[in-house]
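First comes the structure, then the notes that go with it.
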Amino acid sequence: MQRIVFFILLLTIGTSAIPGKAFANTQQDENSGIQVGDIIMEHILDNHQWHFLSYGNIHLTLALPVIVYSEQTGWHCFLSSRLLKEANTSYQGFSIPTEGTYKGKIIETASDGTISQPIDLSITKNVLAIFVSMLLMIALFVSAARKYVKNPKGAPTGAQNFVEIFILFVQDNIARPSLGEEKAPKYLPWLLTIFFFILINNFLGIIPGGANVTGNITVTLCLAIITFFVTLFSGNKHYWLDIFNTPGVPWYLKIPVPLLPFVEFLGVFIKPFVLTLRLFANMTAGHVIVLGFMMMICIFGENNPWAGIGVSPLSVIFSIFMNVLELLVSFIQAYVFTLLSALYVGFAIAEPKHEKTV
Amino acid sequence: MELITPEFGLLFWMFLAFFLVFFILKRYAWKPILNALKDREDSIRESLRLADKTKTDMELLQSENEKKIVQMQKEKEGILQEARSIREKIIEESRMKAVKERNEMMLATRNEIQVEKDKALKELKDSAADLALLIAEKILKQKLSEEDARKALLNKELNDLSLK
């Protein structure tokens, strides 16, 4: 119980720190009012540096390596602090504009003034967060696996307990019902990896200062592409036959205009697309709402500091509520993504059970 | 718009990291864990099956034992019954034998008595004849003076002597 209270406290303290930093930035900009949208976006989007918090002029920021390939000048590798110390600093012809079409992206300005976009393979905030979460997963599961090897018949202990609940959950409630008892073991490693990757990154994303990995469309797209290819390569004859010659529908939906086959074929691509959007939208929306509640303090505080103080308890309470809700959503989204992936593959590998069309 | 535009760099690293971790985890984590879980599942299933089997075996054994006990009791009853009947038979037999023996003995005794009686009678008759002779002699020896007195005396003597 104490731990939970401490955790919630940590969450609120952390999220409360965010508007402070926003304040500092906006005051420097001397723009009219607080750009709430921009501040929220900054927290949700990927970045070339990992900004934890700022207080006054002290900024706690982790500079990350920039790796770019330019067609003119080849490979470049340097720390992002060279570009981000001050706005619009350039280094070796590279810079990150703060607005315009290339806002937040690395651009290269050639000697004749032409602007081009190099291939950016930088270790950004999200990339680093992915690495961290992956290392966490390896540490957690390999150590758990060692315990299983060392003591195969014994009752699980420690981290093994925690891991086992989820592994059994994925096995018994996701893999086996959707893929069947025999084929489940083949796909289980993949399902477990995506499940834990999403779950751990969802959790890490809730922690203030954490990166919004699973709320990033690139990451969810990547996971969905993997599901797409797994489905594609496991699909048996009947799966493709059913797509192009859907059974149980009148012939006139297929013969002159292949309406249904077209719809079915589109479905092959729509499914991973929906997977991408669902996870991305759910996680991002959660973060936006939490940040929005926190921004309320700044919006009210801008007019009158007392109004800001007055509204802060409400903001904190709603943020706590949203954070707890996000804990739940984290689990649900990991479950849903994994379940749907398993189901899509399950459809693709299912043996025909269709009744003959009458 | 930036929010929903995939980044090439992130995609690249994500794929790289994901596949690397996937293969590492598959080899060093999922395989041993899933194998261990399956082994445990199997062993639990096997133990449950065994326990069930043992239970049914025990039940069978118990019912057999009960059957045996019932049978033994029946047998015991039978043996006791037999013993009782044998005892009664023996008693009856010995009684019959005793009665028979007694009867036989009585018969023999009676015969002996008869023989003895006959013998005694014969002896008596003999001695009676002797006596008669003696009396006759005595009478003859007496002076047979008076015919009437002699006759009366003879009658009287004979009457006194006759035993039957």
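So you know, we letter chains A, B, ... as the sequences are listed, proteins then strands, and number each from 1.
Ranked by heavy-atom pairs under 4.5 Å with chain B, the first of Leu135(A), Leu188(A), Ile226(A), Ile194(A) is Ile226(A). Among the candidates Ala144(A), Pro189(A), Gly215(A), the residue making the largest number of heavy-atom pairs closer than 4.5 Å to chain B is Pro189(A). Of the residues considered (Val163(A), Val68(A), Val142(A), Thr124(A)), Val142(A) shows the highest number of contacts with chain B, using heavy-atom pairs under 4.5 Å. Interface summary for chain B: among Thr284(A), Leu221(A), Ile167(A), Leu168(A), the most heavy-atom pairs under 4.5 angstrom belong to Ile167(A).
The environment of CZ in Arg176(A) is crowded: more than 12 heavy-atom neighbours from other residues, nucleotides or ligands sit within 6.0 Å. Crowding of Glu71(A) atom CD: a count of heavy atoms from other residues, nucleotides or ligands under 6.0 Å not exceeding 12. More than 12 heavy atoms of other residues, nucleotides or ligands sit less than 6.0 Å from atom CD of Glu92(B). For CZ of Phe15(B), the number of neighbouring non-hydrogen atoms (other residues, nucleotides, ligands) closer than 6.0 Å is greater than 12.
Residue Val127(A) touches chain B through both its backbone and its side chain, counting heavy-atom pairs closer than 4.5 Å. Interface remark: Ile119(A) contributes side-chain atoms only to the contact with chain B (heavy atom separation under 4.5 Å). Both the backbone and the side chain of Leu192(A) come within contact range of chain B, each with at least one heavy atom under 4.5 Å from a heavy atom of that chain. Only the side chain of Ile225(A) comes within less than 4.5 Å of a heavy atom in chain B; its backbone stays farther off. Proximity to chain B (any heavy atom under 4.5 Å) is shown, for Lys147(A), by neither the backbone nor the side chain. Both the backbone and the side chain of Ile138(A) come within less than 4.5 Å of a heavy atom of chain B. For Asn126(A), the parts lying near chain B are the backbone and the side chain together; criterion is any non-hydrogen pair under 4.5 Å. Contact annotation for Leu140(A): neither backbone nor side-chain heavy atoms come within less than 4.5 Å of a heavy atom of chain B.
Considering every non-hydrogen atom in both Gly9(B) and Leu121(A), the closest pair reads CA-CD2, 3.8 Å.
Between Trp75(A) and Tyr69(A), the ring planes lie tilted relative to each other; the angle falls in the 30° to 60° range.
Within residues 17-37 of chain B, the residues having any heavy atom less than 4.5 Å from a heavy atom of chain A are, in residue-number order, Ala17(B), Phe18(B), Phe19(B), Val21(B), Phe22(B), Ile24(B), Leu25(B), Lys26(B), Tyr28(B), Ala29(B), Trp30(B), Pro32(B), Ile33(B), Leu34(B), Ala36(B), Leu37(B).
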Run the side chain to side chain donor-acceptor pair (under 3.5 Å) test on Thr73(A) and Glu108(A) for me, step by step, so that the C-alpha distance in whole Å, both residues' side-chain angles and the decisive distance to 0.1 Å come before the verdict. CA-CA 10 Å; Thr73(A) 54; Glu108(A) 186 180 19; 3.1 Å; yes
Would you check, one step at a time, whether the test salt bridge (Lys or Arg N to Asp or Glu O under 4.0 Å) holds for Arg84(B) with Glu88(B)? CA-CA 6 Å; Arg84(B) 221 173 274 136; Glu88(B) 265 162 27; over 6 Å; no
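Phe228(A) and Phe269(A) have their aromatic ring centers within a separation under 6.0 angstrom.
Side chain to side chain, Thr214(A) and Asn201(A) fail the donor-acceptor criterion of an N or O pair below 3.5 Å.
To the nearest 0.5 Å, atoms OG (Ser234(A)) and CG (Leu179(A)) are separated by 9.0 Å.
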